[in-house]
Amino acid sequence: MTVLLPALHAASGREAVRFTDRALTYAELATAAGSLAARIAGAGRVAIWATPTPETAVAVVAALLAGVAAVPLNPKTGERELAHIVSDSAPSVVLAGADDQLPAGLAGISRIDAPLTGAASALPAEPSPESPALIIYTSGTTGPPKGAVVPRRAIASTLDALAEAWQWTADDVLVHALPLFHVHGLILGILGPLRRGGSVRHLGRFSTEGVTGELLAGATMLFGVPTMYHRLAEALEKGRELAGALARARLLVSGSAALPVHDHERITAATGRQVVERYGMTETLMLCSVLPAAAPADGGSRPGTVGVPLRGVELRLVDEADGIGEIQVRGPNLFLGYLNRPDATAAAFDGDWFRTGDLASVDEDGQIRIVGRKATDLIKSGGYKIGAGEIENALLEYPGVSEAAVTGEADPDLGERIVAWIVPDDPAAPPGAAELADHVARRLSPHKRPRTVRYLPALPRNEMGKIMKRSLSEGA
Ligand code: MCA
Ligand code: AMP
C-alpha cells in the first residue's frame with residue numbers, strides 16, 4: 001500500500017515545517033504527530049483549529065497517521081457558520097494549540113492540545129487510500145457551506161501529478177501565507193512539501209517583505225492567490241529587492257482564481273519570470289496547470305490560460321456553444337461526496353463526471369482557458385469562494401433590513417468584491433455599512449463581509465418575483 005507521507009517514516013533531521021520562528025524537523029514532526037495519533041485513534045472525526053502554526057501541522061499529520069477524518073476550522077469563523085460545521089461534521093474532539101482560546105461554539109467538544117514533542121515510537125499502519133482524510137467546507141450558491149470529503153487517494157494523486165508537472169522535489173523549499181483550512185494552503189501548501197520530503201516556511205500572514213525575506217533566504221517556490229500576486233506586482237513598482245527575490249525563485253505559482261493578465265505582465269516585466277497558473281477546486285483538487293517548461297519569460301505561454309490537464313485527470317467540455325462549455329472532470333483526484341448531502345453529491349455529478357460549474361474554451365494547442373462560471377451567485381474574493389445566498393440570509397436577519405441581495409463586482413485587489421444591496425425598513429435611518437459588515441463577519445466569516453453597501457427603495461424583480469441581479473450591477 002502506498003504511504004501518504006513517506007518522509008515521516010524516515011524521520012530525518014531535515015526541517016519539515018516552519019511557521020515564522022518555530023520549526024519542526026521530520027523527526028520532531030513524526031514523534032509529536034505519532035504520539036497525538038495514538039491518542040486520537042478511533043476518534044471518529046476530529047476538528048482542527050487551523051491557525052498557521054506548527055501545532056496545526058502536527059494535528060493534521062496526526063489525524064492522517066491515525067486514519068481519522070479531520071475538519072480544519074477557520075479560526076475566524078463566525079458563530080452561525082461554526083455551529084453549522086460542528087453540527088454537520090460532529091467531531092468528537094477538537095485539536096488546538098495550547099495557547100488557543102476556543103469560542104463558545106466548541107465548548108461542548110473535548111479538547112486535546114497538539115504537542116510539539118513526543119516519544120519516538122512506530123507509526124501506525126497506513127490507512128486505506130479510500131478512507132476520508134479531510135472534510136473541507138466550501139460554499140455553494142445558497143445555504144450554508146457543504147463539507148467536501150477528500151480521501152487520501154485524491155491527496156496523493158494530486159500532489160504526485162503536481163510534482164511531475166512542476167518537477168517538485170525534496171530539494172524544494174516552499175514559502176506561502178495561505179490559510180490552512182482550504183485545499184490551497186493545507187493540501188498543496190503543507191501536505192505537498194511533506195509528501196515530497198521537502199520543506200515549507202509559512203509566513204503567518206502575507207506580506208511582500210515576508211515573501212522577499214524567505215526567497216532571499218533560499219526558498220525555491222512561492223504559492224499564492226491572485227490577490228497576493230497583485231500586491232506583489234504593486235510592490236514591484238516601488239523597489240528592486242522584491243524583483244531580485246522573485247527572480248531567484250524556481251517557481252511562482254498562482255491559483256484559486258484567475259490572475260489578471262496585467263498582473264502577469266507586470267511581474268514578468270520586473271522579474272523576467274512568468275507566474276505559473278494552475279486550476280483546481282475543493283471537490284476535485286488540482287485539475288490543470290501551465291507547465292513551467294512551456295512558460296518562458298518571453299511570453300511563449302499565454303497568460304490567461306490554466307494550462308493542460310494534469311496526469312490522471314480526464315477533462316471534457318459539455319454543452320458547448322461558440323467553443324465554450326462547462327468543464328467536467330473525472331480521475332483519482334476527485335472527492336468522495338458532500339458530507340450528509342447525498343442530494344447535493346448526486347446533483348454535482350453527470351454519471352461519473354464531476355460538474356465544475358466553470359466555463360472554458362480550449363486553445364488550438366490544448367491549453368484550457370477559463371472564461372466564467374455557470375452560477376452567478378458564487379463570488380471569488382481574495383481566492384475565497386463565497387455564496388451570495390449565505391450572505392443574503394445573514395443580512396436579512398439584521399434589524400432594519402427589509403430586503404437584501406448580494407453580488408460580486410470586479411475589484412483590482414480581490415478579483416471580486418462583495419456588494420450588498422439593501423432595502424431598508426426606514427429609508428431615513430438605514431443600518432450602516434460597517435454594522436452590516438460586522439454582522440456578517442460575526443455570523444459567517446470576516447472574508448464574507450460586504451465591502452460595499454448600496455441602498456435602494458426596492459430590488460428589481462421579474463414577473464416571477466425573482467431578483468434580477470444583472471440589472472442591479474448594471475445600474476450601479
Ligand atoms: C476585517 N476583519 C474583520 C472585519 N474586517 N474581522 C471582523 N469583523 C470585521 N468587520 C479582519 C480580518 O479577519 C483580518 O484579520 C483582517 O481584518 C483583514 O481582513 P481582510 O481585509 O478580509 O483581509 P485581506 O487583506 O483582504 O486578505 C487578503 C488575503 C486573503 C490575504 C489575500 O483574502 C486570503 O488569505 N486569501 C486566501 C484564500 C484561499 O486560500 N483560498 C483558497 C480556497 P487578520 O488581520 O487577523 O487576518 S480555493 C482552493 O483551495 C482551490 C482548491 C484552489 O484552486 O486553490
Ligand atoms: P473552491 O471551490 O474554493 O475550491 O474554488 C474553486 C474554483 O476556483 C474553481 O471552480 C474556479 O472557478 C476557481 N479557480 C481556481 N483556480 C483558478 C484559476 N487558476 N483560474 C481561474 N479560476 C480558478
Side-chain angles (χ1 to χ4, degrees), residues 50-52 72 74-78 134 136-141 145-146 148 150 154 158 162 176-189 203-207 210 223-232 253-260 264 275-290 303-307 326-327 329 333 335 348 354-360 368-375 378-387 411 413-418 433-451:
T51 53
N74 174 357
K76 295 203 184 83
T77 308
L134 293 167
I136 299 189
Y137 278 81
T138 182
S139 290
T141 49
K146 302 187 287 286
V150 177
T158 216
L162 290 177
H176 76 89
L178 294 156
L180 300 191
F181 44 86
H182 279 308
V183 166
H184 196 168
L186 182 59
I187 297 185
L188 272 59
L203 296 173
R205 59 185 307 141
F206 177 79
S207 71
F223 288 178
V225 292
T227 301
M228 295 172 180
Y229 283 99
H230 174 78
R231 293 178 185 181
L232 291 171
V253 185
S254 175
S256 303
L259 181 63
H264 264 292
V275 178
V276 167
E277 274 215 72
R278 57 88 191 142
Y279 157 61
M281 197 173 174
T282 302
E283 292 88 336
T284 65
L285 306 189
M286 294 305 111
L287 296 171
C288 295
S289 179
V290 169
T305 77
V306 293
E326 183 193 10
I327 300 178
V329 292
N333 48 303
F335 75 147
F354 177 80
R355 309 170 199 265
T356 65
D358 292 312
L359 299 173
I368 310 291
R369 187 177 288 274
I370 296 175
V371 297
R373 70 177 84 85
K374 283 179 89 173
L378 280 178
I379 300 163
K380 266 270 163 168
S381 188
Y384 287 111
K385 183 189 269 183
I386 301 162
D411 183 282
D413 181 51
L414 295 171
E416 286 182 287
R417 162 175 21 107
I418 294 170
E435 280 173 64
L436 292 170
D438 288 347
H439 169 72
V440 173
R442 260 196 326 273
R443 295 296 266 171
L444 305 179
S445 245
H447 66 262
K448 298 183 179 176
R449 71 190 191 277
R451 309 273 175 151

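Just follow the structure's listing: the first ligand is 1, and inside any ligand the first atom is 1. Residue numbers start at 1 and run along the sequence shown.
Protein heavy atom at the shortest distance from atom 19 (N) of ligand 2 is R278 O, 2.7 Å. Among protein heavy atoms, atom 21 (C) of ligand 2 sits closest to A258 N, 3.3 Å. Protein heavy atom closest to atom 45 (O) of ligand 1, with residue, atom name and distance, is R205 NH2, 2.8 Å. Shortest contact from atom 17 (C) of ligand 2 to any protein heavy atom: A257 N, 3.5 Å. Of the protein's heavy atoms, G280 O, 3.4 Å lies nearest to atom 6 (C) of ligand 2. In terms of protein heavy atoms, atom 13 (C) of ligand 2 is closest to S256 O, 3.6 Å.
You'll find the ring centres of F354 and F335 inside the 6.0 Å limit.
Considering D358, V276, V253, I370 only, the shortest heavy-atom separation from atom 12 (O) of ligand 2 involves D358.
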* Could you go step by step and tell me if D358 and Y279 meet the side chain to side chain donor-acceptor pair (under 3.5 Å) rule? -> CA-CA 11 Å; D358 292 312; Y279 157 61; 2.7 Å; yes
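Residue H184 has at least one heavy-atom neighbour below 4.0 Å for each of these atoms of ligand 1: 42 (C), 50 (O), 55 (O). Short contacts between ligand 2 and E277, defined as distances under 4.0 Å to a heavy atom of the residue, involve ligand atoms 18 (C), 19 (N), 20 (N). Those atoms of ligand 2 with a heavy atom of T138 less than 4.0 angstrom away are 2 (O).
Residue contacts with ligand 1 include P179, since one of its heavy atoms falls under 4.0 Å from the ligand.
Contacts between H182 and ligand 2, counted as non-hydrogen atom pairs separated by less than 4.0 Å, are absent for every part of the residue.
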